[in-house]
Amino acid sequence: MSVPENITLIVDGEENVVTTGTTGADLFGDRRDVVVVRVDGELKDLDQPIPAGAEVEPVTIASADGLNVLRHSAAHVMAQAVQQLRPDAKLGIGPYITDGFYFDFDVEEPFTPEDLKQLEKSMLKIVNSNQKFRRRAVSEDEARAEMAEEPYKLELIGLKGASDEAGEGADVEVGGAELTIYDNVDARSGDVVWKDLCRGPHLPNTKLISNAYALTRSAAAYWRGSEKNKQLQRIYGTAWPTKDDLKAYQERLAEAERRDHRKLGSELDLFSFPDELGSGLPVFHPKGGIIRKAMEDYSRQRHTEAGYEFVYTPHITKGHLYEVSGHLDWYRDGMFPPMHVDAELNEDGTVRKPGQDYYLKPMNCPMHTLIYRSRGRSYRELPLRLFEFGSVYRYEKSGVIHGLTRVRGMTQDDAHIYCTREQMKDELTGTLNFVLGLLKDYGLDDFYLELSTKDPEKFVGSDELWEEATRTLAEVAEASGLELVPDPGGAAFYGPKISVQAKDAIGRTWQMSTIQLDFNTPERFGIEFQAPDGTRQRPVMIHRALFGSVERFMAVLTEHYAGAFPAWLAPVQVVAIPVAETFNDYLFDVVDRLKAEGIRAEVDISSDRFPKKIRTASKDKVPFVLIAGGEDAEAGAVSFRFRDGSQDNGVPVDEAVRRIVEAVRSRAK
RNA sequence: GCCUCCUUAGCUCAGUCGGUAGAGCGUCUCACUCGUAAUGAGAAGGUCGCCGGUUCGAUUCCGGCAGGAGGCUCCA
């Protein structure tokens, strides 16, 4: 019988003397929002004794860590419900993720939407029964014995200590220093009703999950993330501290759905994907065409100003080019299969002339490099900046094609810069600034950078070259003052890259521009320039795309603006609506003046009633609605109605034209 | 590519327990001419994604293919 001794803890920065065995619950038991504690930086269950001298902080349910714990515990409750419904279900992993959680199961029959509804109900029963989560350290043998019926858990036990290899999410099960099992203990009987091999920590009890959770979808997922493995059935869910938080989250999803470019694209008549063309091959309708043309025209203007030269290359080429570039080695699966042409056979079927393979081009760089190589180059020409809206075709796997963001035929705003090694840093800096400035002009202005570095499994070129290039990119990125996130192993085989990640109007991030160094292509194509000292030297090559693909960028802008494009990009910039037919001619005069200034303006002379015309213009998200009735006509004025519903009435026509022209020319948002 | 689900009028969606279909919006016509998000009436529009099978008969059941959605894997 040991007598309790006093120990000292640092609680929330202040020293506290408590007895040994004091737990987080003892310290913070009166605060219902505290779900776990951070002990010397590590999250621990509330019922765990805290060692002497430790620094302890409370972690509330609404904090980032607290939300993760809540969601992880919700995943356990879901798994318990699943094993009630399907006793044969074998457990995979069940981690928290952004905004929610999932759990993988090996089951005979996939889950149906009805199953999800029923599971939500049984989860509520479990939540309300107020089970305790109880942590228990076990030896490996004990774990194997207890998890004998769970083959996937046994596999994870075998992988303990190598959780990096176990697959994403596996560290929540076996990532800790010791193996632990969490029992779910019934509040009344004290019986263990369910258990799972898990690192924890967990909520003290299920009650805290309340009714602020939802199961969102089911889908298949490969065990341990490899397509070589069996597919398990995954159920996704979300959980929040309060029902209001859950509703706010669901509203966020609804908002994203309203902005979906696929939906807006057909509502606003911008583009479509005719089945007749094949998956991932979009066509742009006149209204989408205007937006695209405005985007491209402005891009061309800026590239001209920044010293780029324009080139044009074909969409198809003999295969040899991609043998030289290495694309057929590295990316053959991602290319459309070749067309074999020009073969001639003898009557007996033997080959008289072997013919050739032609490929649709998946990248523009080899062709730009041929332009470089078309004649000898002098150092005086460098940096040589070749730009093209280059259409490329990639055989994306059918399951990954998605609207305009992942297609099989797209147009890159692609440039390749050839420069000396000494010019490389200035050129990269200039390019990054150019890219960021231009993105801002299109309305994106919240960025961070990602630095993708060498994949040790997949690269060409010397280590020294990679080191120099990576260091240069890092210096350039840091000089920009933007946040820089490392992406180890994310580089393409031929060189490291910086990518610009942009946040949109509702806080989602999109990978936009990339600036990439390439050591492979200059080498493979043997390109050179003559230096001041007369020697021949190899240039450095920089790939950069700003939109990435024009199609994808248009999708991002559509979602960013929710279809309400700034006036300079809007397909129709002005709709003039007469209060009655009598004023048609008056508005035609106004519209003619706008058209003379290059403004896309029209008069709504349909037989609809006035309010209906307002509604139509509003649904079309037209930036400026000009209205004229008797009062306006007499005053030589028009009335503005803006997209937010606000009005500015009785504006003199000269003034109105001036305002609209100014908004368009300045590319105002 | 893999898993689950889906495909009915231009769009959004009903419907047929196997007997070839219906609404709203949009379109067209006529009437109405109205001051800030839906005037009324009428009409047109579909071999129910495509191909095959079962059946007296298939939009409905079965199979294949194509396209789509959500995931997984992938994304130069």
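Chain letters run A, B, ... following the sequence lines, proteins first, then strands; residues in each count from 1.
As the counterpart of B:C2, B:G71 is assigned, both hydrogen-bonding distances of the Watson-Crick or G-U wobble pattern falling under 3.5 Å. Remark: B:U7 base-pairs with B:A66; criterion is Watson-Crick or G-U wobble with both hydrogen-bond distances under 3.5 Å.
Side-chain N/O atoms of A:Tyr236 include one lying less than 4.0 angstrom from OP1 or OP2 on B:C72. An OP1 or OP2 oxygen of B:U39 is reached within less than 4.0 angstrom by a side-chain nitrogen or oxygen of A:Arg609. Contact check, A:Lys397 against B:C3: no side-chain N or O comes under 4.0 Å of OP1 or OP2. For the OP1/OP2 pair of B:A69 and a distance below 4.0 Å, the side-chain nitrogens and oxygens of A:Arg262 include at least one atom meeting the criterion. Applying the 4.0 Å criterion to OP1 and OP2 of B:G70, one finds that A:His402 has a side-chain N or O inside that range. In this model, the phosphate group of B:C75 is not approached by any side-chain N or O of A:Arg406 to a distance below 4.0 Å at OP1 or OP2. Between A:Ser266 and B:C11 there is no side-chain N or O to OP1 or OP2 distance below 4.0 Å. Residue A:Thr616 places none of its side-chain N or O atoms closer than 4.0 Å to OP1 or OP2 of B:A38.
For A:Arg641 against B:U36, a side-chain-to-base donor-acceptor contact under 3.5 Å is present.
The CG atom of A:Leu281 sits 10 Å away from the P atom of B:G67 (whole-angstrom rounding).
Between A:Trp330 and A:Phe493, the angle of the ring planes stays under 30°, which puts this pair in the parallel group of the 30/60° scheme. Ring geometry for A:Tyr561 versus A:Phe565: interplanar angle of 30 to 60°, hence tilted.
A:His416 has its ring centre no less than 6.0 Å from the ring centre of A:Tyr372. Ring centroids of A:Phe103 and A:Phe105 are separated by less than 6.0 Å, placing the two rings close together.
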